[in-house]
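A short worksheet on the structure shown next.
We name chains A, B, ... by the order of the sequence lines, and we start the count at 1 in each one.
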Number of protein chains: 2
Amino acid sequence: MAVTISDVAHAAGVSKGAVSYALNGQPGVSAGTRERILQAAKELGWKPSLRAKGLSSAKAFALGLVVARDPSLLGTDPFFPAFIAGIETALSEHDYTLVLSVATGAGAEERCYRKLAENGRVDGFLLTDVRHDDSRIPLLQELKLPAVTLNRPDSDSPFPAVSMDDCAGITAAVEHLVALGHTRIAHVGGGQEYIHGRSRRQAWESALATAGLPADLFEAADFTAAGGMAATAELLRRTDKPTAIVYANDLMATAGQYYAQTQGLSVPGDLSVTGYDNADFTQYLNPPLTTVATEPMLWGRVAAQVLLNQLSNSHDGEDTVLQAPTLLVRASTGPAPAGEAAPNAPVPPHYTCTQQAPQHPDTPPTLCFP
Amino acid sequence: MAVTISDVAHAAGVSKGAVSYALNGQPGVSAGTRERILQAAKELGWKPSLRAKGLSSAKAFALGLVVARDPSLLGTDPFFPAFIAGIETALSEHDYTLVLSVATGAGAEERCYRKLAENGRVDGFLLTDVRHDDSRIPLLQELKLPAVTLNRPDSDSPFPAVSMDDCAGITAAVEHLVALGHTRIAHVGGGQEYIHGRSRRQAWESALATAGLPADLFEAADFTAAGGMAATAELLRRTDKPTAIVYANDLMATAGQYYAQTQGLSVPGDLSVTGYDNADFTQYLNPPLTTVATEPMLWGRVAAQVLLNQLSNSHDGEDTVLQAPTLLVRASTGPAPAGEAAPNAPVPPHYTCTQQAPQHPDTPPTLCFP
DNA sequence: GATCTCTACTAAACCGGTTCAGTTGGGAGT
DNA sequence: ACTCCCAACTGAACCGGTTTAGTAGAGATC
């Protein structure tokens with residue numbers, strides 16, 4: 001059996017309580033005794049039992065992440081693995097672990113949160129894929145567990161948010177296309193129940209408005225390849241079909257680009273395409289995809305850090321805003337087809353291309369890392 | 001505060017012990033009393049505290065999965081998300097959860113296993129990406145925790161394995177290429193420290209031997225896109241360059257196909273390409289990739305199930321063999337270039353194409369699901 | 001030198017379950 | 001009627017920590 005606090009107490013010739021004080025840096029033991037206890041603990045190789053700690057302090061020393069995506073879609077999205085890796089970097093420094101659940105099917109998500117909370121598995125949750133009027137926010141309030149949301153929800157939320165602005169990346173994509181002379185720039189949106197689905201659409205609308213162009217080429221989809229393909233087919237069927245499509249993520253862009261090519265269109269000759277996320281494989285598409293390089297690892301690390309700070313009461317409750325992702329121009333975007341360019345918009349000079357992922361400060365400005 | 005076992009005992013007018021017996025289906029309480037206790041527990045909405053249960057029974061009610069891949073590679077591999085989703089389907093039925101750790105950097109992996117074990121976080125581990133002479137096997141024996149390995153390790157292992165044969169898929173790919181008239185069929189291997197890297201290479205060698213062809217076009221890589229691209233470049237530089245390349249995974253195949261196209265080669269006109277894994281995006285490549293459709297979700301479910309059975313002592317210790325994955329023929333493979341085909345091997349008739357993922361029985365044959 | 005106060009420490013309760021060692025009461029056996 | 005036995009149940013110990021209440025002893029105060 002493993003060595004317990006009683007063994008240490010016996011070895012050091014003190015009581016259990018004294019050992020507990022000494023090892024938690026609490027007052028109540030003299031410097032000499034403390035030293036003796038620490039020495040004994042080290043010699044015996046004592047590791048406090050998290051189970052016992054958890055029982056007496058009513059903590060789980062774990063954070064929860066519930067993923068409610070379709071498993072088949074999960075595998076295609078590069079976001080989660082990197083996001084999780086980021087969480088780990090923050091957790092590994094404190095004795096916390098990540099409890100991951102995948103909920104599939106209606107109602108499964110809520111059951112999942114309830115179960116983890118009621119079983120006392122976790123001390124807090126990381127909320128991803130925040131939805132319009134997200135039901136998980138009142139749920140977690142009911143369950144009385146702290147949380148951190150990725151981006152600020154559109155409903156009232158008492159939880160701090162860690163945000164990475166969608167708007168800038170989409171705006172940059174639209175501006176890039178406008179500069180290339182495109183005037184019919186469509187958007188294939190992600191699920192509009194997600195706030196990032198909505199915000200990307202809104203960013204597209206505003207950017208077009210700024211450029212004095214109509215935002216009438218919208219097709220809703222669901223972030224899946226199949227959805228992106230169907231939406232693309234719909235757009236290309238129109239008489240006023242677009243010369244460029246801004247997709248809400250890479251997977252839809254990949255499928256859309258593929259579909260356009262099967263229809264005999266050249267990318268970017270006849271149709272320019274942009275994605276979002278910078279999935280690894282997009283640089284090996286033919287043509288490589290112009291996309292927006294997000295930093296899911298950083299996001300995960302900061303979100304976990306904020307949640308941990310909240311648990312140790314050292315968080316100020318403020319939202320954290322991460323640096324906005326930047327556009328990565330590759331070969332899937334090009335000048336608008338001849339005869340399509342607006343009269344006063346000749347092919348512009350070379351567009352500034354961000355080839356490197358942007359530099360991020362090690363710690364975001366609004367966070368106080370201990 | 002939540003309702004405890006004492007509350008239930010008081011409500012039912014019995015002792016704590018009786019409640020414990022009643023709720024665990026143990027003998028020692030009469031049917032009537034049992035009924036009364038269950039009734040009281042239900043009325044009070046009692047949920048047993050996993051923390052307390054864990055402390056007294058020295059269990060964690062969790063399984064561990066340590067992923068030792070580079071985070072950037074993690075995001076590109078569709079295996080893990082699907083595998084994890086499979087694990088979840090098995091765990092959700094029992095009150096178990098998954099503790100996920102991402103270990104990066106030398107030594108981090110072992111520290112990770114040790115930490116989870118010493119902290120009593122998990123009751124067993126799922127071992128993926130098994131390596132040649134894998135050091136984790138003696139490690140876990142030392143830590144005295146049960147485990148399940150994906151595929152049988154090449155060193156002595158006391159742990160049951162859940163295997164999905166690599167050989168059949170690669171063999172089918174080679175046979176498919178041979179039938180198309182190819183005689184110079186290369187292999188870009190995954191990391192040869194991994195047993196699946198080795199077994200895929202061996203499968204390629206044997207299949208070529210069976211076809212009476214030499215296996216001299218091998219290039220080692222590391223399952224990454226960059227590695228696949230470099231290996232492809234190396235192969236295409238040779239004077240006896242291949243007309244077909246069998247890659248050990250989709251990511252390398254994607255990068256390789258892309259590289260070949262940038263060099264002015266037509267796929268499959270000049271070069272046929274096959275992948276492995278059936279990552280979702282591969283069907284949207286140009287051309288769509290011929291690949292081997294594995295079932296990571298099934299794999300995860302069965303592996304978790306075997307480990308759970310082991311924990312409840314209901315596992316027989318036998319290995320479980322899952323149905324071998326099948327070849328999915330798409331457009332990245334075609335007849336060998338003219339003048340390249342073997343004299344007596346005309347373009348063959350249409351090759352049978354498995355368009356559907358294979359049907360798997362709900363429960364694998366060698367497993368006894370309760 | 002008696003009291004007062006503070007530090008350093010101990011003993012025991014506690015978290016919420018499981019489990020072991022007894023105790024009780026009723027029915028069978030003789 | 002007496003023992004014997006077993007099912008049914010209780011009380012307490014236990015898992016390994018934290019925390020509270022209480023105590024011994026040293027030093028300061030008057």
To the nearest angstrom, how far is [X] atom [atom1] from [N] atom [atom2]?
X         : N       : atom1 : atom2 : result
Glu35(A)  : dC9(C)  : CD    : P     : 13 Å
Asn24(A)  : dT19(D) : CG    : P     : 8 Å
Ile5(B)   : dT10(D) : CD1   : C1'   : 14 Å
Leu55(B)  : dC14(C) : CG    : C1'   : 12 Å
Arg121(A) : dG16(C) : CZ    : P     : 17 Å
Leu23(B)  : dG17(C) : CG    : P     : 10 Å
Arg34(B)  : dA8(D)  : CZ    : C1'   : 11 Å
Glu118(A) : dG17(C) : CD    : P     : 13 Å

Heavy atoms only, 4.0 Å cut-off, all strands: where does [X] land among base, sugar-phosphate and nothing?
X        : value
Val14(A) : sugar-phosphate
Ser15(B) : base
Lys47(A) : sugar-phosphate
Gly13(A) : sugar-phosphate
Thr33(B) : sugar-phosphate
Ser20(B) : base

**OP:** Over all heavy atoms of both residues, which pair between Arg121(A) and Thr97(B) is shortest? Give the atoms and the distance, please.
**Re:** NH1-OG1, 3.3 Å

Original post:
Which atom pair, heavy atoms only, marks the closest approach of Ala117(A) to Leu143(A)?
Top reply: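 For Ala117(A) and Leu143(A), the tightest heavy-atom pair comes out as CB-CD1, 3.8 Å.
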
I want to check one thing: is the phosphate of [N], taken as OP1 and OP2, less than 4.0 Å away from some side-chain N or O of [X]?
X        : N       : result
Thr4(B)  : dC15(C) : no
Trp46(A) : dG16(D) : no
Ser56(A) : dG17(D) : no
Ser30(A) : dC9(C)  : yes

Original post:
So which of Ser157(B), Ser155(B), Pro153(B) actually passes side-chain contact (heavy atoms from CB on, under 4.5 Å) with Val130(B)?
Top reply: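 It is Pro153(B); the other options fail the test.
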
Subject >> Audit row: Glu118(A), Arg111(A), salt bridge (Lys or Arg N to Asp or Glu O under 4.0 Å) steps and yes/no >> reply: CA-CA 10 Å; Glu118(A) 286 168 357; Arg111(A) 262 181 282 124; over 6 Å; no

Original post:
Is any N or O donor-acceptor pair between the side chain of Lys16(A) and the base of dG17(D) shorter than 3.5 Å?
Top reply: yes

**OP:** Please state whether the base of dT20(D) and the side chain of Tyr21(A) form at least one donor-acceptor pair under 3.5 Å?
**Re:**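 Result: at least one qualifying N/O pair found.
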
Subject >> Upstream residue (5' side of DNA chain D) when Gly17(B) and Ala52(B) are each assigned their closest nucleotide >> reply: Gly17(B)

Original post:
Between Arg51(A) and Gln26(A), who's closer to the 5' end of DNA chain D by nearest nucleotide?
Top reply: Arg51(A)

Original post:
Which of these, Arg69(A), Arg131(A), Lys115(A), sits in a salt bridge (Lys or Arg N to Asp or Glu O under 4.0 Å) with Glu109(A)?
Top reply: Arg131(A)

Subject >> Test item: Asn309(B) side-chain N/O and Val306(B) main-chain N/O as donor-acceptor pair under 3.5 Å >> reply: no

Original post:
Of all the choices, dA8(D), dG17(C), dG17(D), which nucleotide is nearest to the side chain of Ser49(B) once you look at every atom?
Top reply: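 The listed nucleotide nearest to Ser49(B)'s side chain is dG17(C).
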
